[in-house]
Amino acid sequence: PFVGIFIVWTSYGFSVAVSKLLAGSTKVEESKALMRVAFSYLFILSLLFFVVLTVFAPFFARLMGDPSLAPLLRAGAYIVLVMPALAVLKGSFQSKGQMIPVAVSGVGEQAFRVAVILIGTWLAVRTGASLYTAGEVAIWGAVVGEVAGVVILALYFQNEFKGPFAKVDTWRIVKELTVVSVSISASSLILLLFQLVDSFTIFNILLSAGFVADRAMEMKGVYDRGQPLVQLGILIASTLALAIVPLIAHHTTKQGGRGAEPFVRLTFRIAVLFGWAAAVGLALVLPYVNEMLFETRNGSLALILFSLQIFWLSLILPLTAILQGTGKVKVPTLFLLGGLGVKIIANLLLIPLWDITGAAIAGNIGFAAISLGLVLYFKQVWPIQLAPRRFYGWVLVATGLMAAVILPWMLVADGILFDELPSRIGATLIAFTSVMAGAVVFLFIIMKSRIMTEKEWYLLPFGKRLATLQLRLHNRKR
C-alpha cells in the first residue's frame with residue numbers, strides 16, 4: 001500500500017491534473033513551462049519519498065510487525081523514481097485527447113509486470129528461495145512494468161521541450177497540481193488507505209491478542225485474499241456507473257444543471273443495482289471462489305463480509321466523481337478522511353474480539369460511514385429523488401430469488417454432482433456455474449420489472465443487447 005498509494009496519486013491523479021492545466025493553456029511556450037514545473041515538482045516529491053522509504057524501511061517493517069519486510073519496501077521504493085515521467089507524459093497525451101499511447105503504455109506495463117512476476121517467482125520457488133525473496137521478485141516485476149510503461153510513452157512522445165519557455169507562476173501551478181491531484185485520486189486511494197491501516201494494525205493486534213506469529217501471519221494472508229476480489233467487483237459496478245458521468249458533466253451547463261438530473265438518477269441506480277448484485281453474488285459463492293483461487297476455504301466468513309465492501313465502494317466512486325465534476329471537492333475528501341478514521345477506531349475495537357472477521361466488519365463500517373455522508377451531501381447539491389421505492393423493492397426481490405436459485409444448486413453440486421472430482425476443480429465448476437445462474441436470474445427479474453428502461457440500457461457499455469432482450473421479454477418491437 002505504501003507504493004500503491006503514491007502510484008495511484010501520481011499516475012492517475014497527477015496526470016489528470018497535468019492534463020487539465022495543459023488543456024487550459026493556449027500557448028505552446030506556456031505548455032512547455034507547465035510540463036517542466038510539473039515534472040520538477042513531482043521529481044522532488046518522488047525523490048523525497050524514495051529516500052524516506054529506503055532509509056526508514058526497517059522502521060516501517062517493525063511497525064508492521066515483521067522486520068523481514070524491509071527489503072521488499074526498499075525494492076518497491078524504486079517504482080516512484082519513474083513516476084514523474086509517467087505522470088507528465090500521460091497528462092500531455094490526455095490533454096490532447098490522444099488516448100492510444102496511454103492505452104498501449106498501460107497494457108505494455110502490465111504485460112512486463114506479470115511476465116517478470118510469474119517467471120521470477122517460479123524461479124525463486126524452484127530454487128528453494130524464501131517467500132520473502134519471491135515477494136521481492138514480485139515487487140521488482142512492478143518496477144520493470146512501470147519502466148516499460150514510461151519507455152512506451154516516450155517512444156510516442158515528440159520532443160516538445162525545444163525552444164523558449166514562457167514565464168509562469170510556479171507556486172500557483174504547484175498549488176493547483178496538488179489540490180486537483182489529491183482530490184481526484186482521493187476516492188481511488190481510499191481502498192489502498194484502508195489496506196494501509198490493516199497493514200499496521202491487524203498483525204500487531206493479533207499478536208497482542210495472544211496469537212503466535214506464524215498463525216497471525218497466516219490469518220493476515222487469508223484476509224488479504226479479499227483485496228483483489230473487491231477490486232474486481234468494484235471494477236464492474238463502478239465502470240458501468242462512471243460511463244454515465246461524462247453525460248452529467250455535459251448537461252450540467254445546460255438549463256442551470258437541471259438537464260443532468262436524469263443522468264444523475266441513472267448513475268445512482270446503476271451503482272446500487274450492479275454494486276449490490278456484485279457484492280451479494282460474490283458473498284454467496286465466496287467459499288468456492290476461495291477454494292478455487294487459494295486451495296482452501298479458510299477465512300471464508302471474513303472474506304464474505306469483506307466482499308460486501310463492493311457495494312459501498314460502488315456508491316462512493318461515482319458519487320465522488322459527480323461531485324468533483326460540479327466543483328465540490330473539499331467536502332467529499334473530508335468524508336473520505338473521516339471514514340478512514342472510523343476504520344482505524346473500528347479495527348482497534350473489533351479485531352481483538354473477532355480477529356480478521358472484525359477487520360472485515362470494520363472496513364464495512366468505515367465505507368458505510370463515507371457512503372452515508374456522501375449521499376446526504378449529494379442530496380443537498382442535487383435535491384432530487386435518486387430512486388423510487390419500487391426500485392429498491394425489485395432489487396431486493398431479484399437478490400432473494402438469485403440466492404434461492406444458487407444456494408440449493410451449490411449444496412447439490414458440492415454434495416452429489418461434483419463430489420468425485422478433485423476439490424479445487426469441483427469448486428471451480430460450482431463457482432462458475434453459480435455465477436452464471438445468479439446473473440441470469442438477477443437480470444431476468446430486473447428486466448421483467450422494467451426498473452431500467454430500454455433507453456437507459458442503451459447508455460451503458462453493451463447495453464444495446466440488454467435493451468433488445470428486455471424488449472423481447474415484454475413482447476415489444478424495437
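Since the structure is predicted, the reported quantities are computational estimates derived from the model, not experimental observations.
Shortest non-hydrogen contact noted between A431 and V289 is CB-CG2, 4.1 Å. Minimum interatomic distance between M447 and L466 (heavy atoms only, all atoms of both residues): CE-CD2, 3.3 Å. Considering every non-hydrogen atom in both S434 and M410, the closest pair reads OG-CG, 3.1 Å. The two residues A360 and A302 make their nearest non-hydrogen contact at CB-O, 3.4 Å. The minimum heavy-atom distance linking T320 with L374 is given by the pair OG1-CD1, 3.6 Å. Residue V222 comes nearest to N298 through the heavy atom pair CG1-O, 3.3 Å, listed as atom of the first residue, atom of the second, then distance.
Of the possible polar contacts, one joining the T127 side chain to the A124 backbone as a donor-acceptor pair under 3.5 Å is found. Side-chain N or O atoms of K448 include none that pairs as donor or acceptor with a backbone N or O of L443 at under 3.5 Å. Side-chain atoms of N204 come within 3.5 Å of backbone atoms of L63 as a donor-acceptor pair (strictly under, hydrogens ignored). Checked by atom type and distance alone, the side chain of S105 pairs as donor or acceptor with a backbone atom of G149 at under 3.5 Å. Formation of a donor-acceptor pair under 3.5 Å by the R390 side chain with backbone atoms of S449 is found in this model. Within the 3.5 Å criterion, the main-chain N or O of M452 finds a donor-acceptor partner in the side chain of Q470. The backbone N or O of A61 lies less than 3.5 Å from no partner atom in the side chain of D66, so there is not a single donor-acceptor pair. Between the T133 side chain and the A129 main chain, no donor and acceptor come within less than 3.5 Å of each other.
Considering only heavy atoms from C-beta on, R113 stays 4.5 Å or farther from V143 through its side chain. Contact of the M83 side chain with the I7 side chain is registered, since non-hydrogen atoms from C-beta on lie closer than 4.5 Å. Side-chain contact between I5 and L196 is present, with at least one heavy-atom pair separated by less than 4.5 Å. M402 is listed as a side-chain neighbour of L284, based on a closest heavy-atom distance under 4.5 Å. Within the 4.5 Å cutoff, the side chain of L313 has heavy atoms near those of the I190 side chain. L417 is listed as a side-chain neighbour of W409, based on a closest heavy-atom distance under 4.5 Å. Here the side chains of K455 and Y458 are not in contact, with every heavy-atom distance at 4.5 Å or above. With contacts defined as side-chain heavy-atom distances shorter than 4.5 Å, the pair T296/R225 qualifies.
Classification of the F6-W9 ring pair by plane angle, with boundaries at 30° and 60°, yields perpendicular.
Of the options F194, F311, Y223, a ring-ring contact (aromatic ring centres under 6.0 Å, His included) to F306 is made by Y223 and by none of the others. Screening R450, K464, R269 for a salt bridge (Lys or Arg N to Asp or Glu O under 4.0 Å) involving E456 leaves a single residue, R269. Applying the side-chain contact (heavy atoms from CB on, under 4.5 Å) test between L229 and each of L293, I310, I234 identifies L293 as the sole match.
Crowding of F112 atom CZ: a count of heavy atoms from other residues, nucleotides or ligands under 6.0 Å not exceeding 12. The number of heavy-atom neighbours closer than 6.0 Å to CD1 of I100, taken from other residues, nucleotides and ligands shown, is 12 or below. Other residues, nucleotides and ligands contribute at most 12 non-hydrogen atoms within 6.0 Å of the CG atom of L131. No more than 12 heavy atoms of other residues, nucleotides or ligands sit less than 6.0 Å from atom CZ of F432. The neighbour count for F378 CZ, taken as heavy atoms of other residues, nucleotides or ligands under 6.0 Å away, is above 12. Around CZ of R465, the count of heavy atoms belonging to other residues, nucleotides or ligands within 6.0 Å does not exceed 12. Annotation: K379, atom NZ; neighbour count of heavy atoms from other residues, nucleotides and ligands within 6.0 Å is above 12. The local environment of CH2 in W457 is crowded, with over 12 non-hydrogen atoms from other residues, nucleotides or ligands closer than 6.0 Å.
Taken from CH2 in W312 to CD in Q309, the straight-line distance is 11.0 Å, to the nearest 0.5 Å. For the atom pair CD1 (I356) and NZ (K220), the distance works out to 10.0 Å, reported to the nearest 0.5 Å. In this structure, the separation between CZ on F367 and CG on L372 is 15.0 Å, given to the nearest 0.5 Å. If you take CZ on F203 and CG on L69, they are separated by 8.5 Å, rounding to the nearest 0.5 Å. Separation of atoms CG (L286) and CE (M292) is listed at 9.5 Å; rounding is to 0.5 Å. With rounding to the nearest 0.5 Å, the separation of CZ in F268 from CD in Q385 is 10.5 Å.
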If you apply the rule side-chain contact (heavy atoms from CB on, under 4.5 Å), what do you find for D414 with F418, and how did you get there? CA-CA 6 Å; D414 193 18; F418 303 141; over 6 Å; no
*asked:* One pair to check against side-chain contact (heavy atoms from CB on, under 4.5 Å): L86 and K90. What are the steps and the verdict?
replied: CA-CA 6 Å; L86 183 66; K90 281 180 66 176; 4.2 Å; yes
- Message: As a quick check of understanding, evaluate side chain to side chain donor-acceptor pair (under 3.5 Å) for E291 and S423, giving each step before the final call.
- Response: CA-CA 8 Å; E291 186 175 4; S423 61; 3.2 Å; yes
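Of the N and O atoms on the side chains of N347 and D198, at least one donor lies less than 3.5 Å from an acceptor on the other residue.
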